Amino acid sequence: MLRDLLQEARELGWRGTSFRASWELKHRSGLDRLRERSAPAPCAATTLDRWTSRLPLPDPIAVVEAVNERIPRANLDVLYSLASDAMRGRILCFGRWPADYGDPIDWHLNPTNGQRWDPRSPGPKAFADEARVGDVKLTWEIARFPHAFQMARAAAFRPELAHDLATALVGQFEQFNDANEWDRGVHWASGQEIAHRLFAWLFALRVLLVRSAHGVRASALVCGALRAGAEHIERHFDYARFAVYNNHLINEALGLYAAGVLLADTPEARRWRELGRSVLVEEAKRQFYSDGAYIQLSHNYQRSALQALLWAVLLARASGDQPADAWLEAMDRSLEFLVAHQNPSDGRLPNSGANDGTLPSVLSTCDFSDFRPTLQAVSVAVRAKRLYPPGPWDEAAAWYFGPRVLDLPLEEPTRTSRSFPTTGYHVMRGNDAGSFASLRCGSIRDRFAQIDMLHLDVWWRGTNVLADGGSYLYNGPAEWHDHFQRTGSHNTVVVDERDQMLHFRRFKNLYWTKARVLGFDVRPEWTLCTGEHYGYVRHPGACVHRRSVLFVKDDLWVVADSIRGSGEHRARLQWLAGDDRAACCPERGRMTMETPHGPFSVSVFDEQATPVAGTVVAGRESPPRGWISRYYAEKVPAASLEVEASGPAPLTLISVIGPGEPALTSSSGVFSV
């Protein structure tokens, strides 16, 4: 344990360690509560006279006219239904499943179990009831106001709904303020949550409320919330800067920048604007790696951070400021990286890294997992070009930058095999853009990662046949968080029942995995990627896991896993299907999945090309196995094939992956499929 604590301090660095120790001391002792905690004063009359004129969004009527024909009627009908339900406290959580928070809304309710948070709890004590109430994100979701985007957009598309929607929404703003005293309870316990809420309110104010009979009242409400939110974020900003320094920091800096731009008549405005902008510049350089990947090694978190930078660009341009080069460069790098991983038919990406269901700005009728709305907006912002032909994904770009951007030139991406060596993502593409694989192989650079080295995602003709299990819940039962976070839930090898890293705390892993790519060879007929990681070297036997992936375009993958080291070991390999529709032949180490294009299988062999017996399960509760979570707080059964090899190192397992049921033979050391 002492060794692990020393390792934690080493990975935090002296600055992070000293800050965290000081922060823990102040909060556990109550010293931080000795300061006066009076709520900020309301906005002055001079500020209220002008501030809404600085709201940067385009005219909603023009947006609707431009995108109306690009959105299927069925999508708009769903939007109207969601807006209607939201008036009565029923909202779509994490872009996926509905929850009833009551009418009037109970802002402290966990809708999945009926338990409530104490709205009077101060500061760090706000989370004291977690064991009883459950995952705080299930309560935070209603207070992020994703439905404010839906209600405002629904009113823009159907003006006859505007009065009722505006009346309900401004009432919810007032109810939220009445139920959540400043600096008390879970809704004031995270600066990022405050920032997400503020941007939902700002959007709804500009698109719906200022145009309604409630305009003056709503303007004062949102102005006060923006001022109070900025003061709270600024007071606790060092925690995000030195203890979290990921998407939390970007969103909190954006909140300060927005308050400084929009509340330009207040005494604090210049300080907020300059602090927020400078941190956004610093973090755009630091959090978006040189190869385009993001600090949290998560496609969904990268999308969230890009939405923050889109707002920053919008605010800068609207206020006569220039968007920082660092923002635009980070967005451009991200575009290259994310598009390289994208499935073109539905806009999805591998479910790589942590996925907490975050979509801060709900600006399209597309599914949560469709990245096209955000990437289209990023492309028009930094390249003045569209990536995708007209469709419902155009709505987001129009809301950010006005309908004229939809007339920009179309330059559809050409997706090819790409290696991103800084962070270690390697994409092997076929001639069919829907057939590809993504291999994770690169040294961990920051602490925000799942324990997933050498995980392989496989997509065949647009279907995610072998998938990442996702995240499910951050703050739920420990056995479920551990399962989705750790090595065993990924498509890789577990050695001696150990993880590649030590899962030390809920959001912290120690002994960051080192890895390197040994080769990335792209040919017209095939692509070969080989890499290895050293996450097991610190254990007896000093084992190294090497994986080679041969992609024979467009239908066959051959994966060779070897465990090298000294002594006897046990290697366990998992392949997780994209769903639970699989026929099993476990005695031959085979799992066959049904897809829209026919059967697709994975079979495992030893170095003599002899099938290795395994097990196939789906949806096992204890211990958890065979689950996939593509949306936060939702898990569904998925077929999991596991095979094992035991004995003295080296140990070798060969997986043959493709349509039908391929066979493997060996002659004089040469394998044939």
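Predicted model, so just to flag it, every value in this text is computed and none were measured.
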From CA spacing to verdict: salt bridge (Lys or Arg N to Asp or Glu O under 4.0 Å), Arg270, Glu274: CA-CA 6 Å; Arg270 181 175 179 179; Glu274 291 180 353; 2.9 Å; yes
So which heavy atom on [X] is nearest to which on [Y], and how close?
X	Y	result
Leu280	Ala253	CG-CB, 3.9 Å
Gln307	Pro360	OE1-CD, 3.2 Å
Leu92	Pro98	CD1-N, 4.2 Å

Flag for His214-Thr167: side-chain donor and acceptor within less than 3.5 Å: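 Checked: Thr167/His214 side chains pair up, N/O donor to acceptor below 3.5 Å.
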Can you name the residues that form a side-chain hydrogen bond (donor to acceptor under 3.5 Å, both in side chains) with [X], not counting sequence neighbours?
X	result
Thr112	Asn110
His248	Gln192
Arg348	Asp346

[X] side chain near [Y] side chain, heavy-atom distance below 4.5 Å:
X	Y	value
Phe94	Leu138	yes
Pro146	Ile91	yes
Asp468	Pro350	no
His187	His108	yes
Phe203	Arg153	yes
Leu205	Trp201	no
Arg625	Leu576	no
Ile295	Glu283	no

From CA spacing to verdict: side-chain contact (heavy atoms from CB on, under 4.5 Å), Trp51, Leu262: CA-CA 6 Å; Trp51 88 275; Leu262 298 175; 4.1 Å; yes
side-chain contact (heavy atoms from CB on, under 4.5 Å) with [X]: which residues, sequence neighbours excluded?
X	value
Arg88	Ser84, Asp85, Arg90, Asp103
Ala148	Phe145, Leu169, Ala200, Ala204
Val78	Leu82
Ser121	Asp118, Ala126

Pair Arg286 + Glu282, salt bridge at N-O below 4.0 Å: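 Answer for the salt bridge query: no.
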Criterion ring pair (Phe, Tyr, Trp, His ring centres under 6.0 Å) against Phe484, the qualifying member of Tyr632, Trp627, Tyr472: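 Going through the options one by one, the only one that passes is Tyr472.
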Among Trp512, Tyr289, Tyr245, ring pair (Phe, Tyr, Trp, His ring centres under 6.0 Å) partner for Phe448: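 Result: among Trp512, Tyr289, Tyr245, Tyr245 is the only option passing the ring pair (Phe, Tyr, Trp, His ring centres under 6.0 Å) with Phe448.
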Is the side chain of [X] donor-acceptor paired with the backbone N or O of [Y] at a distance under 3.5 Å, no angle test?
X	Y	result
Thr487	Asp499	no
Ser319	Leu315	yes
Ser298	Ala354	yes
His490	Arg486	yes
Ser471	Leu473	no
Ser629	Gly470	no
Trp327	Val313	no
Ser489	His483	yes

Intermediate values then yes/no, side-chain contact (heavy atoms from CB on, under 4.5 Å), Val279 and Arg241: CA-CA 9 Å; Val279 171; Arg241 294 189 81 172; 3.8 Å; yes
Steps toward salt bridge (Lys or Arg N to Asp or Glu O under 4.0 Å) verdict (Glu268, Arg227): CA-CA 9 Å; Glu268 307 89 350; Arg227 181 183 175 91; 3.0 Å; yes
Member of Arg303, Gln302, Gln296 meeting the side-chain hydrogen bond (donor to acceptor under 3.5 Å, both in side chains) criterion with Asn300: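 Result for side-chain hydrogen bond (donor to acceptor under 3.5 Å, both in side chains) with Asn300: Arg303.
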Listed once per pair and sorted, the salt bridge (Lys or Arg N to Asp or Glu O under 4.0 Å) pairs that draw on residues 136-149, sequence neighbours left out: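 Found Lys137-Asp356, Arg144-Glu193.
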Salt bridge (Lys or Arg N to Asp or Glu O under 4.0 Å) contacts touching residues 209-223 (sequence neighbours left out):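 Non-adjacent pairs meeting salt bridge (Lys or Arg N to Asp or Glu O under 4.0 Å): Asp59-Arg211, Glu174-Arg217.
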Residues Leu109, Thr139; criterion side-chain contact (heavy atoms from CB on, under 4.5 Å); working and verdict: CA-CA 6 Å; Leu109 178 71; Thr139 305; 5.8 Å; no
Salt bridge (Lys or Arg N to Asp or Glu O under 4.0 Å) partners of Arg445, counting only residues at least two apart: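 With sequence neighbours excluded, Arg445 shows a salt bridge (Lys or Arg N to Asp or Glu O under 4.0 Å) to no residue whatsoever.
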Which residues share a salt bridge (Lys or Arg N to Asp or Glu O under 4.0 Å) with Arg277, sequence neighbours left out: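 Here the qualifying residues are Asp321.
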Any pair counted as disulfide bond (SG atoms under 2.5 Å apart), so long as it reaches residues 162-266, sequence neighbours left out: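 Disulfide bond (SG atoms under 2.5 Å apart) check on residues 162-266 returns Cys43-Cys223.
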Trp272 and Tyr257: CA distance, side-chain angles, deciding distance, side-chain contact (heavy atoms from CB on, under 4.5 Å) verdict: CA-CA 6 Å; Trp272 289 339; Tyr257 184 57; over 6 Å; no
is_close_aromatic(Trp311, Phe199), centroid dist under 6.0 Å: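 Yes - the distance between ring centres of Trp311 and Phe199 falls below the 6.0 Å cut-off.
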Side chain to side chain donor-acceptor pair (under 3.5 Å) evaluation trace for His147 with Gln172: CA-CA 11 Å; His147 57 290; Gln172 289 183 9; 2.8 Å; yes
Among Leu359, Leu363, Leu79, side-chain contact (heavy atoms from CB on, under 4.5 Å) partner for Phe149: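 Answer to the side-chain contact (heavy atoms from CB on, under 4.5 Å) test with Phe149 among Leu359, Leu363, Leu79: Leu363.
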Option passing side-chain contact (heavy atoms from CB on, under 4.5 Å) with Ile233 (candidates Leu256, Leu254, Asn251):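 Only one of Leu256, Leu254, Asn251 forms a side-chain contact (heavy atoms from CB on, under 4.5 Å) with Ile233, namely Leu256.
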Spatial distance of atom CG (Asn113) from atom CZ (Arg132) [nearest 0.5 Å]: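 Separation between the atoms: 9.0 Å.
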Aromatic plane relationship, Phe176 with Trp107 - under 30° parallel, 30 to 60° tilted, over 60° perpendicular: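 Correct class here is perpendicular.
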Ring geometry between Trp140 and Phe127 (parallel below 30°, tilted from 30 to 60°, perpendicular above 60°):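 Correct class here is perpendicular.
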